[in-house]
Amino acid sequence: MNTAMHEQNSILDALKTMLGTDRVSIGSSDRELHSRDQSAHLACLPDLVVWPDSTDQVSRVAAYANEHGIPLTGWGMGSSLEGNPIPVCGGIVVDFSHLNRIMEIYAEDFQARVQPGMLYKDMNLVLAKYGLFFAPDPGANASIGGMVANNAAGTRTVKYGATRDNVLALEVVLASGEVVRTGSRSVKQSAGYDLTHLFIGSEGTLGLITEATLRLAPVPEQVSAAIATFPSTQAAAQAVFEIMGASLGPAALELVDTSAIVALNRAEHFDLAEAPYLFLEFHGASEASLADELRMLQVICNEMGCQTYKAGLGREARAHLWQARHRLAEILIRSHPSQIYVITDVAVPISKYPALVSEAKQALQGLSIMDTYIWGHAGDGNMHVMLFFDDTPEQHTLVEHFTDQLVEHAIGLGGTCTGEHGIGIGKRKHMQHEHGQAAVQVMQHIKQMLDPRGILNPGKILP
Ligand SMILES: Cc1cc2nc3c(=O)[nH]c(=O)nc-3n(C[C@H](O)[C@H](O)[C@H](O)COP(=O)(O)OP(=O)(O)OC[C@H]3O[C@@H](n4cnc5c(N)ncnc54)[C@H](O)[C@@H]3O)c2cc1C
């Protein structure tokens with residue numbers, strides 16, 4: 001037996017004693033399943049996977065890993081797009097899927113306390129019975145722990161905020177195994193350093209989240225939706241700026257470029273006009289107020305040269321009008337079965353959105369060998385470019401070059417290298433440019449203080 005095997009066996013024995021034999025695995029399929037996310041980053045096998053079922057077990061695993069200097073990486077659903085949960089240094093992956101309960105619903109306060117392995121779509125099905133929902137919506141059925149760790153956002157962020165804006169308190173296991181509670185159930189909080197928001201978006205590099213108290217929203221009484229086409233992507237992007245400036249308050253405002261519409265029509269016969277689209281949704285207390293908003297919206301769209309405009313009141317109309325947008329990523333992925341993909345993620349102040357889209361379109365002209373699609377949570381100034389390519393070093397280099405250019409441009413416009421997908425592996429090299437050396441050093445000090453042995457999700461976020 002070699003030393004590595006001997007070590008793995010002794011770690012295995014220790015973890016089995018802590019968690020029970022069925023909650024630890026060194027099986028190749030379990031390790032394989034926890035080696036890659038949904039990004040094009042290289043897979044890395046962990047040495048072991050564990051499924052704790054209590055905070056105490058997470059704490060004991062952390063203390064053991066810390067004592068022995070073993071890398072420890074949290075795992076939700078593995079739906080990240082920047083390599084965030086890939087265990088690049090091996091070690092132990094902590095899969096939170098068994099910590100998946102709603103601990104308490106405080107319906108009268110619009111709050112819920114949940115475990116990290118709870119999937120947000122499943123949670124919203126339960127919350128619907130109380131007339132409530134958790135608004136951040138990343139599309140994939142992500143776990144609450146993964147959403148908090150990545151500060152996930154999505155189509156409804158323009159009205160309800162990102163995950164960061166909807167978390168009041170956390171329970172976190174530190175690298176040492178110590179358990180800390182941050183925040184409170186008060187919506188207003190001003191008591192000292194904001195540790196809750198330090199852990200949100202830290203991608204499991206500062207602590208493992210074992211519980212979150214979430215802020216919920218009432219399910220809207222009435223909804224409406226509209227879709228509009230424009231003569232150019234630039235005109236659609238300009239319309240986004242005008243709509244936001246008119247304080248219409250959409251609950252979602254998405255841009256989808258022509259190439260994506262063409263692909264949707266080809267794959268599923270949506271029969272959509274082949275032009276850049278805006279998809280909008282509004283939430284309100286009465287049909288009358290929503291009808292007013294739709295009227296104002298139509299006026300603005302017409303002023304911006306809109307070519308077609310369809311709108312409707314009610315959930316059925318919304319589902320019908322939004323069908324293409326809701327199924328966009330799934331259909332595009334299915335239409336390119338033999339290729340891999342990257343979904344870039346940059347965000348800028350809303351006034352710079354048209355410039356960002358225009359830059360992306362121009363840069364894509366140099367990538368005509370690939371199928372590329374632009375869409376985004378336009379109301380937040382957040383844009384994605386999805387690129388499908390062959391898994392060759394040459395094409396990886398082309399995609400990386402395009403992404404780097406786009407990030408530089410977004411930062412130059414006062415924006416960020418990521419609006420919602422996080423830094424993971426892919427965006428580490430942009431941290432210094434975006435934040436400056438002094439700010440990155442502060443982050444390094446924080447990391448050093450909370451995780452001196454560097455065991456928590458090593459190789460992520462910090463350059
Ligand atoms: C088709 C598609 C569309 C998407 N659209 C969006 C979108 O619109 N908006 C958006 O924001 N994202 C989007 N995503 C990305 C992804 O769904 C989100 O980043 C999501 O938050 C990841 O959650 P997860 O449960 O899969 O976490 P994972 O990918 O498993 O993990 C995410 C990070 O959290 C850490 N982690 C997991 N659990 C814990 C824990 N309990 N404690 C500490 N750290 C932990 C991991 O180590 C990792 O760093 C999309 C992904 C796909 C595949």
Side-chain angles (χ1 to χ4, degrees), residues 33-41 46 52 55 58 62 71-88 91-100 114-123 136-158 162-164 170-175 199-212 252 254 325-334 341-345 347 375-377 380 382-384 386 418-426 451 456-461:
L33 277 171
H34 294 84
S35 67
R36 68 180 76 229
D37 60 0
Q38 295 293 315
S39 72
H41 289 289
T55 300
V58 177
L72 197 59
T73 302
W75 191 275
M77 281 294 276
S79 71
S80 288
L81 293 168
E82 286 295 348
N84 324 49
I86 296 178
V88 291
I92 304 169
V93 159
V94 182
D95 183 316
F96 283 95
S97 57
H98 289 206
L99 278 167
N100 63 351
V114 304
Q115 292 185 314
M118 182 82 219
L119 305 182
Y120 90 95
K121 287 191 181 180
D122 299 353
M123 179 178 76
D137 169 22
N141 195 6
S143 70
I144 293 299
M147 288 177 68
V148 173
N150 280 356
N151 186 27
T155 52
R156 301 195 202 102
T157 301
V158 64
T163 300
R164 177 168 277 140
L170 292 174
E171 179 186 81
V172 183
V173 172
L174 301 181
F199 289 108
I200 298 174
S202 68
E203 299 179 27
T205 62
L206 299 180
L208 295 172
I209 296 147
T210 44
E211 210 179 274
E254 301 278 304
R325 172 61 191 93
H326 278 145
R327 297 191 52 210
L328 178 67
E330 166 230 320
I331 290 175
L332 291 180
I333 293 167
R334 210 160 19 82
Y341 65 85
V342 158
I343 304 180
T344 66
D345 167 41
W375 81 84
H377 314 303
D380 302 318
N382 192 184
M383 187 188 71
H384 300 313
M386 190 169 196
T418 167
E420 55 181 24
H421 296 168
I423 295 293
I425 302 167
D451 180 19
L456 290 175
N457 204 2
K460 309 297 166 56
I461 297 193

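Because only heavy atoms are used, hydrogens play no part in the values below, and waters and symmetry mates are left out as well, while side chains stay in. The model shown is predicted, which means the values in this text are computed figures rather than measured ones. When a ligand or atom number is given, it counts from 1 through the structure's own listing order.
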Is the His421 ring parallel, tilted or perpendicular to the His384 ring (thresholds 30°, 60°)?
parallel

Looking just at side-chain N and O atoms, do Thr418 and Asp345 make a donor-acceptor pair shorter than 3.5 Å?
yes

Check whether any side-chain N or O of Asn382 sits under 3.5 Å from a backbone N or O of Gly376 as a donor-acceptor pair, and report yes or no.
no

Among Ile461, Leu456, Asn150, Ile343, which residue places a heavy atom closest to atom 33 (C) of ligand 1?
Asn150

Between Arg156 and Asp137, is there a donor-acceptor pair closer than 3.5 Å when you use the side chain of the first and the backbone of the second?
no

Where does Gln38 meet ligand 1, judged by heavy-atom distances below 4.0 Å: at the side chain, the backbone, both, or neither?
side chain

Contact between ligand 1 and Asp37 is defined here as a heavy atom of the residue under 4.0 Å from a ligand atom; is it met?
no

Should Leu208 and Leu72 count as side-chain neighbours, where that means a heavy-atom distance under 4.5 Å?
yes

Element-labelled atoms of ligand 1 that are located less than 4.0 Å from some non-hydrogen atom of Gly204
43 (C), 44 (N)

Check whether any heavy atom of Gly139 sits under 4.0 Å from an atom of ligand 1.
no

Any donor-acceptor pair under 3.5 Å linking the side-chain atoms of Thr55 with those of Glu171?
yes

Can you tell if the side chain of Tyr120 reaches within under 4.5 Å of the side chain of Asn141, non-hydrogen atoms only?
yes

Which option out of Gly74, Pro138, Gly83 puts a heavy atom nearest to atom 6 (C) of ligand 1?
Pro138

Measure the shortest side-chain to side-chain distance between Val58 and Leu99 over non-hydrogen atoms and say whether it is less than 4.5 angstrom.
yes

Heavy-atom contacts with Ala152 under 4.0 Å: which atoms of ligand 1 show up? List them by number with element.
11 (O), 21 (O)

State whether Glu203 and Lys460 are salt-bridged, where the test is any N-O pair (Lys NZ or Arg NE/NH1/NH2 against Asp/Glu carboxylate O) under 4.0 Å.
no

Counting non-hydrogen protein atoms only, what is the nearest one to atom 1 (C) of ligand 1? Give residue, atom name and distance.
Ala329 CB, 3.9 Å

His377 heavy atom under 4.0 Å from ligand 1:
yes

For Asn457, counting its heavy atoms only, list the atoms of ligand 1 lying under 4.0 Å from any of them.
47 (O), 49 (O)

Under 4.0 Å from ligand 1, counting heavy atoms only, is it the side chain of Glu330, its backbone, both or neither?
neither

To which protein heavy atom is atom 28 (P) of ligand 1 closest, and what is the distance rounded to 0.1 Å?
Gly78 N, 3.5 Å

If the cut-off is 4.0 Å to any non-hydrogen atom of Pro116, which atoms of ligand 1 fall inside it?
41 (N)

May I ask whether Ser202 places a heavy atom under 4.0 Å from ligand 1?
no

